[in-house]
Amino acid sequence: MSWQAHYITLFPDMFPGPLGTSLAGRAHEAGIWQCQTHALRDHGLGKHKNVDDTPSGGGAGMVLRADVAAAAIEHVQAQTANLPLLMPSPRGQIFDQAMAQQLAKGPGAIFFCNRFEGVDERVIEAFDVREVSIGDYILSGGEPAALAMSDAIIRLLPGVMGSALSSQEESFANGLLEYPQYTRPNSWQGAEIPEVLVSGDHQKIAQWRAEKSAEITQKRRPDLWAKYLPTKK
Ligand code: ADE
């Protein structure tokens, strides 16, 4: 069975977008994952297919209507069995590698892509929507975030990447950043590849890489390093 990606959006043309090329694109062609878009506008009201209204209590911007959002979600849920319902949102839990792995193990996901000032809170409660953020910055909508999350999930699906990378994957899941990589030429503009990497001693190479991973994580991401320490034997 293919991994099912459903996108509820005002901009169906944004999908599969970058996921139609390269690794995800080939996986799409191979049927490893399926991309289905659902136009929120189809559930809009009246002649103009309105989907939003002014915020209750006043304020700037527009809010997606509960009745419109619910109709779109119900429409998708009627054709899918028990897929997790995610809403990209800067308010959400931070998306990370562990979440990508968890979602890749499942049958797929529904991404409800937000616009405007958000969606009526009652919908989030009624459908137990899981809000997920890709970082502490504000995008103009959930679509690029849904694409980013999908990319992280799709590359983990069986058959998408060679098995060679899976151990690296685990190392990031353990919480460390990647060690530096080099390739030929051995000497470039007076800079040499670290000697250990051309030594052929695989044990020493593994040790050097582990040390570099630790060093880089400590320096750049003290938050990850602090989380990593208690799990280290
Ligand atoms: N929508 C707007 N900003 C977002 C973010 N940082 N992450 C996920 N969805 C978003």
Side-chain angles (χ1 to χ4, degrees), residues 2-3 5 16-30 32-33 84 86 88 90 92-106 108-109 111 130 132-137 139 144-233:
S2 307
W3 198 84
L19 301 181
T21 58
S22 188
L23 199 77
R26 285 196 296 276
H28 188 229
E29 272 169 31
I32 294 172
W33 71 285
L86 309 176
Q93 178 191 355
I94 293 283
F95 182 80
D96 62 8
Q97 193 62 20
M99 212 188 288
Q101 273 160 346
Q102 189 208 349
L103 286 160
K105 283 192 192 119
F111 295 91
R130 185 169 178 192
V132 194
S133 167
I134 62 164
D136 292 336
Y137 42 82
L139 300 167
L147 287 166
M149 289 188 257
S150 301
D151 181 276
I153 296 162
I154 289 163
R155 63 190 286 282
L156 298 177
L157 298 175
V160 175
M161 275 195 318
S163 56
L165 276 164
S166 57
S167 56
Q168 269 184 29
E169 204 55 67
E170 271 162 36
S171 92
F172 188 72
N174 286 346
L176 291 187
L177 301 179
E178 251 228 279
Y179 48 79
Q181 296 279 19
Y182 301 85
T183 187
R184 281 177 283 272
N186 285 8
S187 179
W188 176 74
Q189 297 193 348
E192 308 295 320
I193 292 176
E195 217 171 300
V196 60
L197 297 181
V198 289
S199 69
D201 184 335
H202 294 292
Q203 206 176 335
K204 275 219 183 101
I205 291 171
Q207 194 187 338
W208 180 88
R209 287 178 166 166
E211 283 165 12
K212 285 291 170 189
S213 271
E215 200 181 297
I216 290 171
T217 309
Q218 253 173 301
K219 202 150 97 189
R220 298 186 188 173
R221 294 291 303 275
D223 57 323
L224 289 182
W225 183 246
K227 266 197 260 173
Y228 170 75
L229 276 181
T231 66
K232 214 168 92 170
K233 288 197 191 82

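Computed from a predicted model, the values in this text were never measured in an experiment.
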### Query
Could you give the distance from CG (Asn186) to CD (Glu195), rounded to the nearest 0.5 Å?
11.0 Å
### Query
Can you name the closest pair of heavy atoms from Arg155 and Val160 and give their distance?
CA-CG1, 3.7 Å
### Query
Heavy-atom distance under 4.5 Å between the side chains of Trp33 and Leu19, does that happen here?
yes
### Message
Once rounded to the nearest 0.5 Å, what's the spacing between atom NZ of Lys105 and atom CD1 of Ile153?
### Response
12.5 Å
### Task
Apply the salt bridge (charged side-chain N to carboxylate O under 4.0 Å, His left out) test between Asp223 and each candidate in Arg220, Lys227, Arg221; give the one that qualifies.
Arg221
### Query
Which heavy atom in Ile193 sits nearest to a heavy atom in Thr183, and how many Å separate them?
CD1-O, 3.5 Å
### Message
Taking the side chain as everything from C-beta on, heavy atoms only, tell me whether Lys212 gets closer than 4.5 Å to Arg209.
### Response
no
### Query
Sub-3.5 Å donor-acceptor pair from the side chain of Ser213 to the main-chain atoms of Leu177, do we have one?
yes
### Query
Is there side-chain contact between Ile205 and Leu197, with heavy atoms separated by less than 4.5 Å?
yes
### Glu178 side, atom CD; Thr217 side, atom OG1 - distance, nearest 0.5 Å
10.5 Å
### Query
Got a second to check how far Leu176's CG is from Glu215's CD, nearest 0.5 Å?
12.0 Å
### Task
For Ile154 and Ile32, run side-chain contact (heavy atoms from CB on, under 4.5 Å): C-alpha distance rounded to whole Å, both residues' side-chain angles, the deciding distance at 0.1 Å, then the answer.
CA-CA 8 Å; Ile154 289 163; Ile32 294 172; over 6 Å; no
Donor-acceptor contacts, no H, no angles, side chain residues 144-152, under 3.5 Å, sequence neighbours left out:
| residue | atom | partner | partner atom | Å |
| --- | --- | --- | --- | --- |
| Ser150 | OG | Tyr7 | OH | 2.7 |
| Ser150 | OG | Ala146 | O | 2.6 |

### Query
At their closest point, which heavy atom of Leu23 faces which heavy atom of Met161, and how far apart are they?
CD2-CG, 3.9 Å
### Task
Please name the pair of heavy atoms, one in Leu86 and one in Ala109, separated by the smallest distance, quoted to 0.1 Å.
CD1-CB, 4.2 Å
### Message
Enumerate the ring pair (Phe, Tyr, Trp, His ring centres under 6.0 Å) contacts for residues 184-230, please, sequence neighbours excluded, ordered by first and then second residue.
### Response
Trp225-Tyr228
### Message
Are Phe95 and Leu103 packed together at the side-chain level, in the sense that at least one heavy-atom pair is separated by less than 4.5 angstrom?
### Response
yes
### Message
Any salt bridge linking Arg26 with Glu29? Criterion: basic side-chain nitrogen under 4.0 Å from a carboxylate oxygen.
### Response
no
